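Read the structure below first, then the notes.
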Amino acid sequence: MNSLRFQFFVAVAVALLAAASPQAAERSNPRIATSGDGYLVIWNENDAIYGVRLNGAGHRLDSPRLIATGSATDVVWSGGTYIVGYKASPKTIASVSVTANGDVGSAAVVMENVRDCDAVELAATSTSLILSTGSGHRILSHATGEVREERGAYACGPLAVAAGDDSFTISRVLDGHIIWRSYSAAGASITGCCVTIGDPPPEDPFALALASDGSNYFHAYTRANGLHASGQRQRILWSVLFDHPLGAPRASWDGAQYVVTVASDRTLHLTRFDASVVPLGSPIAVEPMRAGEAADIAAHRDGRGAVVWIRENGDVRAGLFDVASLAAGTPFKLMTDVNRSTRRRAVR
């Protein structure tokens, strides 16, 4: 009887401890944007969106702060503030501003009655912001508000958007082909639909990335046989840098080269391309990532930038690079676990 009583009290104690323990944080979907002087890193933590500002050297400026409730999808610097796009509900896309000083504004609904599977990708010129989904897009003027909205019958699938100095390009997958449309910052169509990347048969890409050097656009995508890249120029150059499936790529222009993040064998890699989409050196392996997550990247045109990813242990890590560190093959001058309040590790 004493043994049974002891087992009963042990079981009750374990149950009470489990009930008192807080829910473990499940961090996901890290994104980063740069103002030119610093960075804003956002991520999802369960059903909340948190953010941390970094200075230009990669050091934290504050502790993680709650930005919104929902599912974060993207963040961009709009010229005066950071804009965070997120799913406030399965069918509602909202945005919220965060100033360079860290002040969080009021949330505003941007699109309603979107499909459950729609995410949002953001890009900004000095005058306008574009929010693009599988259902369509909106181009918003910083000065006057909404400029243009278009809705189409695109499937929920790979999507990317980027801004040049005075234009936007949206890249999607339709019937296995990659298509893009370009718009002026005021919302006027430049190319018209549809421009197809690649030759038949369909490419069946898993994920897309877009970046711009200001006037031209760089496309990258992953498919069954690796990473491919092309330039929006008179001719298209292709590169296959891996020979097995990869995670979702993200890309940015740092003033001298395009830098692409991609996960291979659950390890973060950085690859580089020049303005003519010629690979520069070999892919640089960084460290293991959480399976199923993608890294993100934001760069200055003065040669500096940052990458953010989810580590295997669930920490949100940011790494700061420049042109010299990438060329040396040891990309990060400093790495910081941004979800923590004190931990910081320099790389020499």
Side-chain angles (χ1 to χ4, degrees), residues 31 33-36 40 73-86 92-100 105-114 118-154 158-174 178-197 208-219 230-234 251-253 255 258 275 298-301:
R31 289 289 185 265
T34 177
S35 66
L40 177 66
T73 57
D74 208 1
V75 59
V76 71
W77 175 253
S78 69
T81 62
Y82 295 101
I83 303 295
V84 177
Y86 65 100
T92 302
I93 291 173
S95 68
V96 64
S97 63
V98 180
T99 69
S106 300
V109 173
V110 179
M111 283 185 170
E112 294 182 288
N113 301 317
V114 299
D118 271 339
V120 61
E121 293 286 329
L122 306 181
T125 68
S126 60
T127 61
S128 300
L129 169 76
I130 189 169
L131 301 97
S132 183
T133 73
S135 300
H137 71 266
R138 280 187 176 177
I139 297 176
L140 308 176
S141 166
H142 297 329
T144 62
E146 184 176 329
V147 173
R148 180 186 178 99
E149 178 182 5
E150 178 179 288
R151 290 192 178 261
Y154 294 104
L159 167 72
V161 62
D165 290 335
D166 55 8
S167 65
F168 298 105
T169 289
I170 303 169
S171 185
R172 291 185 173 98
V173 175
L174 184 65
I178 301 172
I179 64 170
W180 77 73
R181 297 189 68 168
S182 295
Y183 299 85
S184 71
S189 177
I190 296 173
T191 60
C193 188
C194 299
V195 180
T196 303
I197 301 176
L208 303 174
L210 267 178
S212 177
D213 64 5
S215 58
N216 297 294
Y217 287 88
F218 168 90
H219 296 74
S230 70
Q232 188 177 332
R233 295 175 179 269
Q234 291 182 343
S252 190
W253 171 258
Y258 293 104
H300 305 274
R301 291 188 185 179

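Note that the numbering runs from 1 along the sequence shown for the chain. Heavy atoms only: backbone and side chains are in, while hydrogens, waters and symmetry mates are out. Treat the numbers as computed from the prediction; the structure is a model and nothing was measured.
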Original post:
Are Glu150 and Arg138 within salt-bridge range, i.e. N to O under 4.0 Å?
Top reply: no
Original post:
Hey, what do you get for CG (Asp165) to CZ (Arg301), rounding to the nearest 0.5 Å?
Top reply: 4.5 Å
Subject >> Atom pair CG/CZ of Leu40 and Arg31 - distance to nearest 0.5 Å >> reply: 13.0 Å
**OP:** Apply side chain to side chain contact (heavy atoms under 4.5 Å, CB included) to the pair Leu159 and Leu208, showing each step before the final yes or no.
**Re:** CA-CA 6 Å; Leu159 167 72; Leu208 303 174; 5.7 Å; no
Original post:
Is there a side chain to side chain contact (heavy atoms under 4.5 Å, CB included) between Ile170 and Tyr183 once you walk through the steps?
Top reply: CA-CA 8 Å; Ile170 303 169; Tyr183 299 85; 4.0 Å; yes
Subject >> Heavy-atom pair of closest approach, residues Tyr258 and Asn216 >> reply: OH-O, 3.8 Å
Original post:
At their closest point, which heavy atom of Ser128 faces which heavy atom of Ala185, and how far apart are they?
Top reply: OG-O, 2.7 Å
Original post:
Distance from Thr73 atom OG1 to Ile93 atom CD1, nearest 0.5 Å?
Top reply: 6.5 Å
Subject >> Check: Phe168 ring centre within less than 6.0 Å of His137 ring centre >> reply: no
**OP:** Return yes if a side-chain donor-acceptor contact under 3.5 Å exists between Ser167 and Ser184, otherwise no.
**Re:** no
Original post:
Just by distance, do the side chain of Asp74 and the backbone of Val76 share a donor-acceptor pair under 3.5 Å?
Top reply: no
Subject >> Thr99 side chain vs Thr81 backbone, donor-acceptor pair below 3.5 Å >> reply: no
Original post:
What's the spacing between Ser135 OG and Met111 CE if we round to 0.5 Å?
Top reply: 7.5 Å
Subject >> Donor-acceptor contact below 3.5 Å, side chain Arg148 vs main chain Gly187 >> reply: yes
Subject >> Spacing of CD1 belonging to Ile83 relative to OG belonging to Ser95, to within rounding of 0.5 Å >> reply: 6.0 Å
Original post:
Just by modelled atom types, is the Ala299 backbone N or O under 3.5 Å from a matching donor or acceptor in the Ser252 side chain?
Top reply: yes
Original post:
Which atom names give the shortest non-hydrogen contact between Gly85 and Leu122, and what distance separates them?
Top reply: N-CD1, 3.6 Å
**OP:** Check the pair Val161, Ile130 against side chain to side chain contact (heavy atoms under 4.5 Å, CB included), reporting the backbone distance first and the verdict last.
**Re:** CA-CA 8 Å; Val161 62; Ile130 189 169; 3.6 Å; yes
**OP:** Could I get the full list of salt bridge (Lys or Arg N to Asp or Glu O under 4.0 Å) partners for Glu112, not counting sequence neighbours?
**Re:** none
**OP:** Could you please spell out the steps behind the side chain to side chain contact (heavy atoms under 4.5 Å, CB included) verdict for Trp253 and Ser212?
**Re:** CA-CA 6 Å; Trp253 171 258; Ser212 177; over 6 Å; no
**OP:** State, with a plain yes or no, whether a side-chain heavy atom of Leu129 is found less than 4.5 Å away from one of His142.
**Re:** yes
Original post:
Which pair of non-hydrogen atoms, one from Arg172 and one from Thr133, has the smallest distance, and what is that distance?
Top reply: NH2-O, 2.8 Å
Original post:
Taking side chain as C-beta onward, heavy atoms only, is Asn113 less than 4.5 Å from Thr92?
Top reply: no
**OP:** Please name all residues satisfying side chain to side chain contact (heavy atoms under 4.5 Å, CB included) with Ala251, sequence neighbours left out, ordered by chain then number.
**Re:** Ala209, Ala211, Phe218, Val260
**OP:** Report yes or no: does Asp118 contribute a side-chain atom to a donor-acceptor pair with the main-chain N or O of Gly134 at less than 3.5 Å?
**Re:** yes
Original post:
Between atom CZ of Arg181 and atom OG of Ser171, what is the distance when rounded to the nearest 0.5 Å?
Top reply: 13.0 Å
**OP:** Evaluate the side-chain proximity of Ser35 to Tyr82: yes if any heavy-atom separation is below 4.5 Å, no if none is.
**Re:** yes
Subject >> Any residue meeting side chain to side chain donor-acceptor pair (under 3.5 Å) with Thr125, in chain and number order, not counting sequence neighbours >> reply: Thr127
